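Before any comments, here is the structure.
Please read these numbers as outputs of a predicted model, since none were measured by experiment.
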Amino acid sequence: MDCRLDLKEIALRARNAEYNPKRFAAVIIRIREPKTTALVFASGKMVCTGAKSEEQSRLAARKYARIIQKLGNDQVKFKDFKIQNIVGSCDVRFPIRLEGLQIGPSTVLQLRARALPWLDIPHEAAKIVLLIFVSGKIVLTGAKVRDEIYQAFENIYPVLNLYRKIQAEPLPPPPET
């Protein structure tokens, strides 16, 4: 926003704002449409999270800047908007053998199943990280543009198919005596 901000003043005057400097060095502001949360720092920098698209993120960031302007900060400008991280999630609808995927060929993976039941895969091309759960649910993060998320998923899907967990047939009921 290209200026320093008085966070205490913003927190006192803005609706849906909270500020606890002992816990976190930013004012947290929420709006309903688009449903997002902003972290506003004294430096004038802002992080906007929760938008469902790049367009919604830009619109939300503009709204937050306007809210802060209306509180008497006339020097606030909406500038240098940049998408830093896009997160996507999906469900491949089949369980995955993470232990097999971890030791498979040509993968640089970290299995964190002892602590958390997922596989953390750094994707080389775009620095995308994939969290792959046994259930088949996947979280992809680290993209700067939407196509990087799609590309990372298209690259990993054939590999996931190789490590599809085969469901055992249920045992027949015991014979009656």
Side-chain angles (χ1 to χ4, degrees), residues 1 7 16-20 23-65 67-68 78-165:
M1 290 185 266
L7 300 185
N16 300 319
E18 55 188 86
Y19 180 49
N20 185 344
R23 272 187 70 206
F24 191 59
V27 173
I28 302 167
I29 308 174
R30 293 180 174 84
I31 59 175
R32 286 198 187 113
E33 193 52 46
K35 187 177 178 186
T36 54
T37 300
L39 308 175
V40 180
F41 296 88
S43 65
K45 297 212 184 276
M46 173 175 47
V47 176
C48 181
T49 64
K52 299 291 183 194
S53 69
E54 296 91 328
E55 299 78 29
Q56 279 190 0
S57 182
R58 184 179 191 82
L59 174 64
R62 289 187 78 83
K63 284 185 175 185
Y64 289 117
I67 287 166
I68 293 166
F78 178 76
K79 66 181 270 190
D80 298 333
F81 176 81
K82 182 170 30 170
I83 302 281
Q84 292 284 20
N85 184 30
I86 296 176
V87 178
S89 64
C90 64
D91 186 351
V92 294
R93 297 198 175 139
F94 56 81
I96 299 165
R97 292 183 300 112
L98 295 183
E99 60 288 342
L101 186 59
Q102 181 194 16
I103 57 174
S106 76
T107 51
V108 183
L109 314 176
Q110 291 180 302
L111 181 61
R112 299 192 177 167
R114 286 186 193 99
L116 301 162
W118 73 63
L119 194 58
D120 185 348
I121 303 179
H123 186 266
E124 312 79 39
K127 307 259 191 296
I128 307 293
V129 173
L130 293 88
L131 302 178
I132 302 173
F133 296 83
V134 174
S135 65
K137 293 199 171 27
I138 302 172
V139 176
L140 304 96
T141 185
K144 302 275 189 204
V145 294
R146 188 183 293 224
D147 285 343
E148 291 173 352
I149 293 282
Y150 294 142
Q151 188 62 53
F153 179 75
E154 286 172 13
N155 289 347
I156 198 68
Y157 187 79
V159 177
L160 296 177
N161 236 336
L162 293 174
Y163 295 97
R164 183 181 222 144
K165 207 180 249 187

Which distance, rounded to the nearest 0.5 Å, do you find between the [atom1] of [X] and the [atom2] of [Y]?
{"X": "Phe133", "Y": "Leu98", "atom1": "CZ", "atom2": "CG", "value": "9.5 Å"}
{"X": "Lys165", "Y": "Leu160", "atom1": "NZ", "atom2": "CG", "value": "13.5 Å"}
{"X": "Arg146", "Y": "Gln151", "atom1": "CZ", "atom2": "CD", "value": "15.0 Å"}
{"X": "Ile96", "Y": "Ile138", "atom1": "CD1", "atom2": "CD1", "value": "5.0 Å"}
{"X": "Thr37", "Y": "Ile29", "atom1": "OG1", "atom2": "CD1", "value": "10.0 Å"}

Heavy atoms only: give me the nearest [X]-[Y] pair and the separation to one decimal.
{"X": "Lys144", "Y": "Glu148", "value": "N-OE1, 2.8 Å"}
{"X": "Ala61", "Y": "Met46", "value": "O-CE, 3.5 Å"}
{"X": "Leu7", "Y": "Ala25", "value": "CD1-O, 3.7 Å"}
{"X": "Leu59", "Y": "Pro34", "value": "CD2-CD, 4.0 Å"}
{"X": "Cys48", "Y": "Ala60", "value": "SG-CB, 3.7 Å"}
{"X": "Ala152", "Y": "Ile128", "value": "CB-CG2, 4.0 Å"}

*Could you list the residues that satisfy side chain to side chain contact (heavy atoms under 4.5 Å, CB included) with Ile149, not counting sequence neighbours?*
Ile86, Leu140, Ala143
_Flag if over 12 foreign heavy atoms under 6.0 Å of OH, Tyr150_ = no
*Please test Ile83 against Val145 for side-chain contact (heavy atoms from CB on, under 4.5 Å), starting from the C-alpha separation and ending with a verdict.*
CA-CA 8 Å; Ile83 302 281; Val145 294; over 6 Å; no
*Which residue pairs pass the salt bridge (Lys or Arg N to Asp or Glu O under 4.0 Å) test with at least one member in residues 78-88, sequence neighbours excluded?*
Asp2-Lys79
*Applying salt bridge (Lys or Arg N to Asp or Glu O under 4.0 Å), which residue pairs with at least one partner in residues 26-50 are found, sequence neighbours left out?*
Glu18-Arg30
*Could you walk me through whether Ile31 and Asn16 pass side-chain contact (heavy atoms from CB on, under 4.5 Å), step by step?*
CA-CA 7 Å; Ile31 59 175; Asn16 300 319; over 6 Å; no
_The test is side-chain contact (heavy atoms from CB on, under 4.5 Å); show your working for Gln84 and Val47 and say whether it passes._
CA-CA 9 Å; Gln84 292 284 20; Val47 176; over 6 Å; no
_Please determine whether side-chain contact (heavy atoms from CB on, under 4.5 Å) holds for the pair Phe153 and Val92, giving the CA-CA distance in whole Å, both sets of side-chain angles, and the decisive distance to 0.1 Å._
CA-CA 10 Å; Phe153 179 75; Val92 294; 3.8 Å; yes
*Would you please name every residue forming a salt bridge (Lys or Arg N to Asp or Glu O under 4.0 Å) with Arg58, sequence neighbours left out?*
none
*Taking only residues two or more places apart in sequence or in another chain, which ones pass ring-ring contact (aromatic ring centres under 6.0 Å, His included) with Phe94?*
none
*Results of ring-ring contact (aromatic ring centres under 6.0 Å, His included) for Phe24 - residues two or more places apart only*: Phe41
*Quick one: are Thr36 and Thr49 in side-chain contact, heavy atoms under 4.5 Å?*
no
